[in-house]
Amino acid sequence: MEEYTDEIKDLWDSHWITNMGVKHEKLQALLEEYLHVKHVDLVCNGHHALENAMEALDLPKGSEVITTPFTFASTVHAIVRRGLKPVFCDIKPDDYTMDPACIESLITTKTSAILPVHVYGNMCDVDAITDIAERHGLKLIFDASHAFGVEYKGRGIMTYGDVSTVSFHATKVFDTVEGGAVCYAQDGLTDLLNDIKNFGIRGPEEVVYPGGNAKLNEFSAAMGICNLRHINELISKRKLLAQHYDELLADVPGLKLNSAQEGVKSNYAYYPVLCEDRDWLYGKLKDNGVDARKYFFPLASDYECYRNDYDSAATPTAQDVSRRVITLPLFPDMSLTDVERVCSIIRT
Ligand SMILES: *Cc1c(COP(=O)(O)O)cnc(C)c1O
């Protein structure tokens with residue numbers, strides 16, 4: 001609290017509290033450096049990062065976007081709200097990300113983009129998916145909301161795709177209370193992304209584009225500046241907790257843990273386990289005061305608003321994982337003793 005109070009003091013002097021002020025510009029530069037990405041466009045949340053990215057890449061209205069049903073509501077809603085049609089691709093049973101082997105059979109003349117999601121801090125098969133997108137001339141947008149700070153062979157995960165989007169919601173590994181960003185390398189996108197997030201206003205008398213409002217305010221940016229100072233320590237704490245879970249749960253029959261990916265520096269955003277009777281375990285944890293989550297359940301293709309248009313049996317691995325997954329409590333301030341308590345409930 002003291003650090004934050006200190007960080008926002010000058011806002012009272014300047015009275016400049018939103019519209020790309022000093023905190024916004026500073027956080028943007030700090031994130032470009034931390035994430036090893038050429039451009040970071042800060043926005044008000046991760047959802048608008050997705051919508052703005054699709055708008056900037058000019059995906060034709062009515063075209064199809066191949067995505068995963070094993071994601072947070074935002075990913076699929078963003079596609080639909082842009083006037084595009086989600087086409088659901090199955091996931092891999094090992095890391096729960098989009099299965100590249102299932103993508104090509106879903107490509108039609110109407111496909112304009114692929115929108116895979118890095119799940120739990122696990123990385124998609126970025127090389128295989130990039131190759132498919134390039135061969136078919138499709139735009140590639142990674143929803144990297146779970147993947148802040150993840151690196152693959154020393155390369156920042158936000159550098160993949162035409163753009164990668166990220167959420168800085170209060171529940172994510174790095175947060176600005178609410179916030180998000182579009183990360184990209186193409187210099188040509190900068191002005192358009194700015195127009196999209198600020199009404200297309202370029203000057204007091206100059207409006208060049210019918211943009212919306214998705215600006216990140218100075219108080220959120222200041223929170224980001226503070227949190228970024230501690231991010232490595234926060235991720236290290238998550239790692240210790242995840243490793244403790246790994247040790248204590250390794251020999252529990254019928255439980256499948258998340259496995260480490262070769263060459264990937266994870267951020268330990270979530271601790272998912274697959275179990276035989278998920279709802280039973282969920283209830284048992286709840287009865288013992290442990291708030292685990294069925295994340296992601298239901299699949300997006302089973303939401304009330306989409307279920308008439310899709311059959312989740314078409315993505316059997318996603319369906320199976322969604323029915324069996326539970327994410328256990330994991331946050332930097334959690335104690336190792338709390339991890340032990342959760343594990344002893346699971347083991348008995
Ligand atoms: C959190 C999240 C979003 C949306 O981000 P908000 O900042 O909450 O708008 C989108 N996709 C995924 C995978 C997320 O986890």
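When a ligand or atom number is given, it counts from 1 through the structure's own listing order.
- Without hydrogens or angle criteria, His118 side chain to Cys124 main chain gives a donor-acceptor distance under 3.5 Å.
- Ordered by chain and residue number, the residues placing a heavy atom less than 4.0 Å from ligand 1 are Asn45, Gly46, His47, Thr71, Phe72, Ser74, Thr75, Val117, Asp143, Ser145, His146, Ser167, His169, Lys172, Gly179, Tyr295.
- Residues Tyr306 and His77 bring their aromatic ring centres within 6.0 Å.
- The backbone N or O of Ala269 lies less than 3.5 Å from no partner atom in the side chain of Lys172, so there is not a single donor-acceptor pair.
- Ring geometry for Tyr245 versus Tyr271: interplanar angle under 30°, hence parallel rather than tilted (30 to 60°).
- The aromatic rings of Phe219 and Trp12 sit perpendicular, their planes meeting at an angle over 60°, well past the 30° parallel limit.
- In this structure, Thr71 OG1 and Phe296 CZ are separated by 5.0 Å, a value rounded to the nearest 0.5 Å.
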